[in-house]
Amino acid sequence: MQKLTRTAVTAAAGVAMALALTGAGVVVTVATAPAAAAAGTGAQGWELAGAFDTQQQCVAAGDAGVAAGTWTNYRCVLFEARWDLMIPA
């Protein structure tokens with residue numbers, strides 16, 4: 001039970017850190033492989049716009065697209081050690 005609690009606390013801390021590192025209006029999604037793969041095909045209303053080595057690169061590209069009016073919102077999804085920039089389909 002102690003290991004389960006420690007794992008849950010560590011996961012919550014990781015999510016909190018990810019949210020703190022992003023902007024206030026940015027949604028960061030950490031998805032499992034099946035969910036990210038489905039999102040990549042547009043099955044959930046999102047399509048892949050790019051893949052980046054770091055979360056900061058993904059957020060910068062997403063912010064640039066919003067500023068340019070290319071899309072209205074985006075998500076950065078961690079998938080197979082890469083950050084995928086997802087935009088509305």
Side-chain angles (χ1 to χ4, degrees):
M1 186 65 154
Q2 184 179 17
K3 185 175 181 180
L4 179 61
T5 303
R6 188 174 343 133
T7 302
V9 169
T10 302
V15 170
M17 287 175 47
L19 292 174
L21 291 173
T22 62
V26 178
V27 174
V28 175
T29 305
V30 178
T32 61
T41 62
Q44 297 175 345
W46 295 87
E47 64 183 48
L48 181 66
F52 302 90
D53 292 328
T54 67
Q55 180 183 13
Q56 291 79 12
Q57 291 172 337
C58 182
V59 170
D63 287 343
V66 170
T70 308
W71 49 76
T72 57
N73 60 357
Y74 66 92
R75 293 182 178 179
C76 289
V77 180
L78 183 60
F79 179 65
E80 296 184 354
R82 299 278 300 189
W83 286 93
D84 290 346
L85 175 61
M86 306 300 291
I87 59 172

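Given the structure is predicted, the values throughout are model-derived calculations rather than measurements. Computed from heavy atoms alone, side chains included, the values below leave out hydrogens, waters and symmetry copies.
Contact detail for L85 and G62: the closest heavy-atom pair is CD1-CA, 3.8 Å. T54 and W83 make their closest contact through C-CD1, 3.3 Å (heavy atoms, listed as atom of the first residue, atom of the second, distance). Of all heavy-atom pairs between V59 and Y74, the closest is O-OH, 3.3 Å.
For the side-chain contact (heavy atoms from CB on, under 4.5 Å) test, residues two or more places apart in sequence or in another chain that qualify with T70 are A68. The side-chain contact (heavy atoms from CB on, under 4.5 Å) search around A51 returns R82, D84, not counting sequence neighbours.
With rounding to the nearest 0.5 angstrom, the CD atom of Q55 is 8.5 Å from the CG atom of L78.
For the pair W71 (side chain) and M86 (backbone), a donor-acceptor distance under 3.5 Å is absent.
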